[in-house]
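In what follows, a structure is listed as structure tokens, so that the remarks can point back to it.
Atom set for the values below is all heavy atoms of this structure, side chains included, hydrogens, waters and symmetry mates excluded. When a residue number appears, it is its place in the shown sequence, counting from 1.
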Amino acid sequence: EVQLVESGGGLVQAGGSLRLSCGISGFAFGDDVIGWFRQAPGKEREGVSSINTKFLSTYYAEPVKGRFTISTDKAKSTMYLQMNNLKPEDTAVYYCAASGRLLRPSQWDKSWVDYWGQGTLVTVSS
């Protein structure tokens, strides 16, 4: 059984940083894509970033480019999202996700996700 468990959310002031973690079990870190989505109140869930677990190619949505960094630690079966220079508009529930399908990180879309974490809330105050 595949399980994804996020941690690291919380309250931070604008300009601050947070690092989200996602522990992944039961999922082989092969030629797959894993990543993050977020959902703000009243908005649709949107892709934030993704990474190919074999080639380590990455994708970032335009609003987070240059501020967020995705990474993996295969030995710990963990994925991270380092978020710097946070803005109030980054406030959302962040979900880690995994896809077992053959796709590129740039194709990161919720319709291709096979497994979801439970989400962790990030609140950025102004």
Side-chain angles (χ1 to χ4, degrees):
E1 180 186 4
V2 178
Q3 288 190 322
L4 293 81
V5 180
E6 303 98 334
S7 60
L11 174 64
V12 64
Q13 288 188 330
S17 298
L18 281 175
R19 188 177 78 158
L20 304 183
S21 300
C22 176
I24 305 174
S25 60
F27 187 83
F29 278 56
D31 188 3
D32 301 297
V33 178
I34 58 177
W36 297 89
F37 288 80
R38 67 185 181 185
Q39 187 166 17
K43 294 189 176 182
E44 289 198 9
R45 194 169 298 189
E46 61 178 2
V48 174
S49 181
S50 63
I51 185 168
N52 180 288
T53 55
K54 180 178 181 180
F55 300 105
L56 303 182
S57 49
T58 59
Y59 158 79
Y60 295 95
E62 281 297 328
V64 307
K65 276 185 179 179
R67 300 188 296 122
F68 290 12
T69 302
I70 191 170
S71 62
T72 60
D73 184 333
K74 287 187 178 183
K76 296 182 180 180
S77 297
T78 301
M79 173 176 61
Y80 304 98
L81 186 67
Q82 178 67 42
M83 306 185 294
N84 297 329
N85 190 21
L86 283 161
K87 304 176 181 181
E89 51 263 43
D90 294 318
T91 294
V93 177
Y94 284 71
Y95 299 88
C96 65
S99 174
R101 306 169 196 232
L102 195 64
L103 71 160
R104 296 184 294 274
S106 59
Q107 295 174 297
W108 195 234
D109 184 87
K110 56 183 182 290
S111 61
W112 302 121
V113 170
D114 296 302
Y115 308 101
W116 292 97
Q118 83 286 354
T120 186
L121 177 63
V122 172
T123 304
V124 184
S125 62
S126 56

I'd like to know if [X] and [Y] make a salt bridge, using a cut-off of under 4.0 Å between side-chain N and carboxylate O.
{"X": "Lys110", "Y": "Glu46", "value": "no"}
{"X": "Arg67", "Y": "Asp90", "value": "yes"}
{"X": "Asp114", "Y": "Arg101", "value": "yes"}

>> Does Trp112 have more than 12 heavy atoms from other residues, nucleotides or ligands lying within 6.0 Å of its CH2?
In response: no

> Just wondering, are more than 12 heavy atoms of other shown residues or ligands nearer than 6.0 Å to NZ in Lys76?
Replying inline: no

> Would Arg19 count as a cation-pi partner of Tyr80, with NZ or CZ less than 6.0 Å from the six-membered ring centre and within 45° of the ring normal?
Replying inline: yes

>> Both conditions, 6.0 Å and 45 degrees, for the charged tip of Arg45 above the ring of Tyr95: are they met here?
In response: yes

Evaluate the side-chain proximity of [Y] to [X]: yes if any heavy-atom separation is below 4.5 Å, no if none is.
{"X": "Gln82", "Y": "Ser17", "value": "yes"}
{"X": "Asp31", "Y": "Thr53", "value": "no"}
{"X": "Thr78", "Y": "Ile24", "value": "no"}

Same cluster or not: [X] versus [Y], using hydrophobic residues (I, L, V, M, F, W, Y) connected whenever any side-chain heavy atoms lie under 4.5 Å apart?
{"X": "Leu81", "Y": "Leu56", "value": "yes"}
{"X": "Val2", "Y": "Ile51", "value": "yes"}
{"X": "Phe29", "Y": "Tyr115", "value": "yes"}
{"X": "Leu4", "Y": "Val113", "value": "no"}

Which pair of non-hydrogen atoms, one from [X] and one from [Y], has the smallest distance, and what is that distance?
{"X": "Leu20", "Y": "Thr120", "answer": "CD2-CG2, 4.0 Å"}
{"X": "Val12", "Y": "Gly16", "answer": "CG2-CA, 3.8 Å"}
{"X": "Ala40", "Y": "Ala92", "answer": "N-CB, 3.8 Å"}
{"X": "Met79", "Y": "Cys96", "answer": "CE-CB, 3.6 Å"}

> Are Phe68 and Trp36 close enough that their ring centers fall under 6.0 Å?
Replying inline: no

